[in-house]
Amino acid sequence: MNVLSEHGFRADGRRPEQIRNISCKLSVCPEADGSAYIEQGNTRIMCAVYGPHEATNRAKASEEGCSVSVQLSTAVFATLERKNRRRGDRKTTALARMLEKAFESVIVTSLFPRAQIDICCEIIQEDGSRLSSCINACSLALADAGIPMRGVVTCVTCSSVDGRPVVDISAREEMDTIPRLTLATLSGHDEVVLVEMENRVHMDHLSALMAASHAASSSIHQCLHAALQQHLSQTRAIL
Amino acid sequence: RNMATLAGIRVDISSPPSSAAPAALELSGDRDNASDQFVIPGNAVSTTTGFMRGHGTFTRDGELIATLAGSVQQVNRLITVKPVKSRYNGEVGDVVVGRVVDVQQKRWKVDTSSRLDSSLLLSSVNLPGGELRRKSVEDELMMRDYLKEGDLISAEVQQVQHDGSLQLHTRNLKYGKLAQGISVQVPSYLIKRRKAHFHSLPCGAAVVIGCNGHVWIAPELREDADGGYNQDLEEVISLETRSIMARLSGCVRLLAAHCVAIYDTTIMAAFELSANHKASDLLNAAVATEIASLVVRKIRAEATEEEL
């Protein structure tokens, strides 16, 4: 199967540089300090943030700043085949560690000594780019929780087909043995928070792929920005 | 950049269907379009130099950048970003309602939904036997008899430590252990700081509105000379009082769901305006929105009357 048709369209009718529709909602979980639900195409993520609160693990508590811990889980019904996943398998743990690292660098942790921030991410439906969708959901939830960050992180997974960058890939496109670059940037600018590369890409194609990822990430940032702005004006206390 | 320039990108804020309550008040025009400037983390707060960096901001290349999602506030040359929603930020003198989580040497650790657990020192509580009683070693050993893990207390913030944790005191007869009642937790930013946070409401029940977002609804306010450590959990509260308390808790919850500030006036207004409905109907989204909207209008009308 070709990722791009002869007319230059993708399986879901998008152009190569087009991201999927984003729809999101904030403060969906009243018990959490901040929460967000995001749909990117058919990928659906729910994220809840608890904290900063007193560190439960005394050994992890540091006077320098708070620690960030991420729990990532996938629903049984998230993919085409129904699958009971063990919690804490290697792949999910690796993704959770990457999320932790990315957000530890962005959150102003020095403000909260001896505290801890818990982020719980649930993949409700999986249709590709799950790491990037999780990062986007976490960014929204952290902003909703009023946790100070240097910026809103947005992330996108892109691929390169015959030297042509294809952004925000879906599960159907992920199946192929094509290179995948996951790039997270800060506030839609050039500052990179996380890069992850799967499979191999030709050196000559890399710069085009990076540029396309940056552009896609900054478009996603605009979507999240609009959603956050709208949410802020709605939840401000009346009277 | 304009959203229209991005071909094929759309922001739908449609699902999941729950918690559409804040938006409902928006539609009915109850939310005034105040000229607050909202920023999200990473947004430039001001490009001109000569400002002082306040909470919620940092500087990058001489530019003031927001670290929080909220409204920009300026006091002379100091610029701060006030988050719309955040965990409880304690101030000296605040009344808080919290739960004891740990008994340590000479202190109790209290969860006040602050960033760190607050501490209540043995030396800053009133023990049975009067204010001037000296705290002895026996008292230290008997600490668990006064307050143990899981107890709910009301207290006042005595001091804010440099790391942001709070030190509480209950050196007043109105503070102390809470006995029978309903605890409702709401986001702390909705609580309005007032002169009084203990109210005996005319409807026949009492509320303690903790600044940390814990609202305690009780049959009556007590001022026990023994510090309130003797709870009477056997006492049966009359059905009438219990239904009043249930209605009050419903009112507090609906005000919180619609992001209406919570203080004695709004709670009482919601209680009075909900008289036509059963207490259980307050859980109904349509009824809740109607009452919240009526409360906002009533308080606004009273405010304009006072101005005239």
Side-chain angles (χ1 to χ4, degrees), chain A residues 14-15 18-19 21-28 30-31 33-34 37 39 46 51-55 63 66 106 108 111-115 139 142-152 186-189 219-239, chain B residues 1 3 6-16 18-19 22-23 25-26 30-34 36 38 40-43 56 58 60 65 67-71 83-87 101 109 111 113-117 163-165 189-190 192 256-261 266 295-296 299-300 303:
Chain A
R14 282 184 292 155
R15 288 184 291 276
Q18 203 176 352
I19 59 170
N21 282 341
I22 293 177
S23 101
C24 41
K25 200 165 179 80
L26 285 98
S27 294
V28 285
E31 295 83 28
D33 290 302
Y37 167 83
E39 282 178 21
M46 180 88 121
H53 58 80
E54 184 93 22
E63 289 293 332
C66 65
V106 175
V108 189
L111 292 175
F112 310 115
R114 295 195 289 118
S139 293
L142 283 165
D144 180 43
I147 291 171
M149 295 185 287
R150 289 191 295 124
V152 171
L186 199 62
S187 299
H189 299 309
S219 338
I220 290 175
H221 181 263
Q222 285 180 49
C223 293
L224 300 194
H225 184 278
L228 268 171
Q229 285 275 2
Q230 186 183 348
H231 178 74
L232 287 181
S233 58
Q234 276 182 2
T235 52
R236 173 168 51 92
I238 321 177
L239 301 171
Chain B
R1 267 182 285 170
M3 284 300 290
L6 296 156
I9 300 172
R10 190 177 85 198
V11 182
D12 282 341
I13 312 213
S14 56
S15 53
S18 65
S19 83
L25 284 194
E26 182 97 23
D30 287 327
R31 197 176 289 278
D32 54 334
N33 293 318
D36 277 358
F38 285 114
I40 68 165
N43 277 169
F58 75 108
R60 184 169 57 202
I65 313 273
T67 58
L68 291 167
S71 57
V84 162
K85 189 173 143 189
S86 76
R87 262 179 111 80
V101 287
K109 282 283 171 193
D111 176 19
S113 13
S114 180
R115 291 184 205 129
L116 292 169
D117 285 346
D163 60 355
S165 67
Y189 76 98
L190 293 175
K192 206 167 175 175
H258 292 81
C259 302
V260 180
T266 48
V295 170
V296 173
I299 306 265
R300 288 246 168 84

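Computed over heavy atoms, backbone and side chain alike; hydrogens, waters and symmetry mates excluded. Within every chain, numbering begins at 1; the chains are lettered A, B, ... in the order of the sequence lines, protein sequences first and strands thereafter.
The two atoms that bring A:G146 and B:L68 nearest to each other are O-CD2, 3.2 Å, heavy atoms only. Nearest approach of B:R115 to A:A115, heavy atoms of both residues: O-CB, 4.2 Å. In plain terms, the two heavy atoms of A:S187 and B:P41 that are nearest each other are OG-O, 3.9 Å.
Rounding to the nearest 0.5 angstrom, the gap separating the CG atom in B:L116 from the CZ atom in A:R114 is 5.0 Å. To the nearest 0.5 Å, the span separating CZ on A:R236 from CZ on B:F38 amounts to 4.5 Å. Here the straight-line distance linking atom CZ of B:F58 with atom CE of A:M149 works out to 11.0 Å at 0.5 Å rounding.
Judged by distance alone, the side chains of B:D111 and A:H53 never bring a donor and an acceptor atom under 3.5 Å apart. Side-chain N/O atoms of A:T235 and B:K85 include no donor and acceptor closer than 3.5 Å.
Among B:A303, B:P83, B:S86, the residue with the largest count of heavy-atom pairs under 4.5 Å with chain A is B:S86. With chain B as the partner, the residue from A:L228, A:D144, A:V108 showing the most heavy-atom pairs under 4.5 Å is A:D144.
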Item checked: Verdict with reasoning, A:L232 to B:I40, per side-chain contact (heavy atoms from CB on, under 4.5 Å) -> CA-CA 9 Å; A:L232 287 181; B:I40 68 165; 4.3 Å; yes

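If you measure heavy-atom distances from A:V152 to chain B, the contacts under 4.5 Å come from both the backbone and the side chain. With a 4.5 angstrom heavy-atom cutoff, B:K192 touches chain A only via side-chain atoms. Using a 4.5 Å cut-off between heavy atoms, B:T266 touches chain A through its side chain atoms alone. Heavy-atom distances place the backbone of A:I147, and not its side chain, under 4.5 Å from chain B.
The closest side-chain heavy-atom distance from B:N43 to A:H225 is below 4.5 Å.
No donor-acceptor distance shorter than 3.5 angstrom exists from the side chain of A:R150 to the backbone of B:G42, with no hydrogens or angles considered.
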